[in-house]
Amino acid sequence: MTSVQESRTLHAPMKVEFDYTRSLGPVLSQFMTGLRRRQVTGGVLSDGTVVVPPPEYDPTTHRAISEIVAVGDEGVVRTWSWVAEPVMDQPLDKPFAFALIQLDGADAPLLHAVDVDSPADMETGMRVRVRWAEETVGAITDIACFEPLPSSTDAGSELPNEPGSDAEAVTGIVSPVRLAYDYAASPEESKFFRGLAEGRILGQRCPSCHKVYVPPRGACPVDGVPTTDEVELPDKGTVTTYCIVNVPFLGQKITPPYVSAYVLLDGADIAFLHLILDTEADEVRMGMRVEAVWKPRDEWGTTIENISHFRPTGEPDADYETYKQHL
Ligand SMILES: [Zn+2]
């Protein structure tokens, strides 16, 4: 969290990303394998129409699509819209048109980019052709974009007869998924994060049910009233529930196995998630008493990461009755 100005709420850039690995199944495998050999294919629906890319199931009968046919790599722009300011990972890094393009031999249009210099170069009904990527690998990005055809070739493309065959089919793709946004903390959360920068854990108490929420929510979800009373909590608490992380994943900072647990701070009514370290993973249990291990003070910021992790205090376990309402 970055502080712009003490009186203002905090905000921080957040990024969520992972690579989604997807197996293709028989229909899309044929489509992607076709792209690798620079051939576009479509699926034949129950009413005889050809759709690109081929859907896996017929939208009317819900039967699996079994007939795949080759279509042309030229077609007609049915409609389009201009992208004046492309964003990251769009097909082109200069202004371009997104268009619905009906390829020769297909009955439904495909959405793709057309590389032209200005909107004046775009027209509904114009003919375009696939510009293939320099290297085709069996992914939708094998179609780099479309480009206008010179008007002398308006006669229509010659359709290939049969889908080709490949020794080795493309059976899976990796789709990077990414979401970047600016997280705006509420006034209550901003106070909580500024408290952490001073080594304090601040919560708020509901004036009606007297429950203590940490981090503070600003309002009690039970009573629907503002939680106005500030409460400073100790950095000691009880493990309510936990999970042992055994699965490695992208961006993981600690080597598995390790424990992620809900810690109910003494005096709080809601547990929060943190790491339990400095003990064997299989030693962690419900009711275990733990305390925060703070990073060196010169590394503190307005972040929950000021607390490196929690570790066992060595006290006797808390009685189940003391935390059973907080699971
Ligand atoms: Zn309440």
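When a residue number appears, it is its place in the shown sequence, counting from 1. Computed from heavy atoms alone, side chains included, the values below leave out hydrogens, waters and symmetry copies. Whatever order the structure lists them in is the order used to number ligands and atoms, beginning at 1.
- Ion pair D115/K94 flagged as a salt bridge, since at least one NZ, NE, NH1 or NH2 atom sits closer than 4.0 Å to an Asp/Glu carboxylate oxygen.
- Counting only protein atoms, the N, O or S atoms lying less than 2.8 Å from the Zn ion (ligand 1) are C206 SG, C209 SG, C220 SG, D223 OD2, ordered by chain and residue number.
- In terms of the side chain to side chain contact (heavy atoms under 4.5 Å, CB included) criterion, residue partners of D58 (sequence neighbours excluded) are, by chain and number, L45, S46, T60, T61, I65.
- A salt bridge links K324 to E321: at least one charged side-chain nitrogen sits closer than 4.0 Å to a carboxylate oxygen.
- Put simply, the side chain of D142 never gets that close to the backbone of A133: no donor and acceptor are under 3.5 Å apart.
- Of the possible donor and acceptor atoms, one in the side chain of D107 sits under 3.5 Å from a partner among the backbone N and O of V50.
- Checked against a 6.0 Å centroid threshold, the rings of Y183 and Y181 do not count as neighbours.
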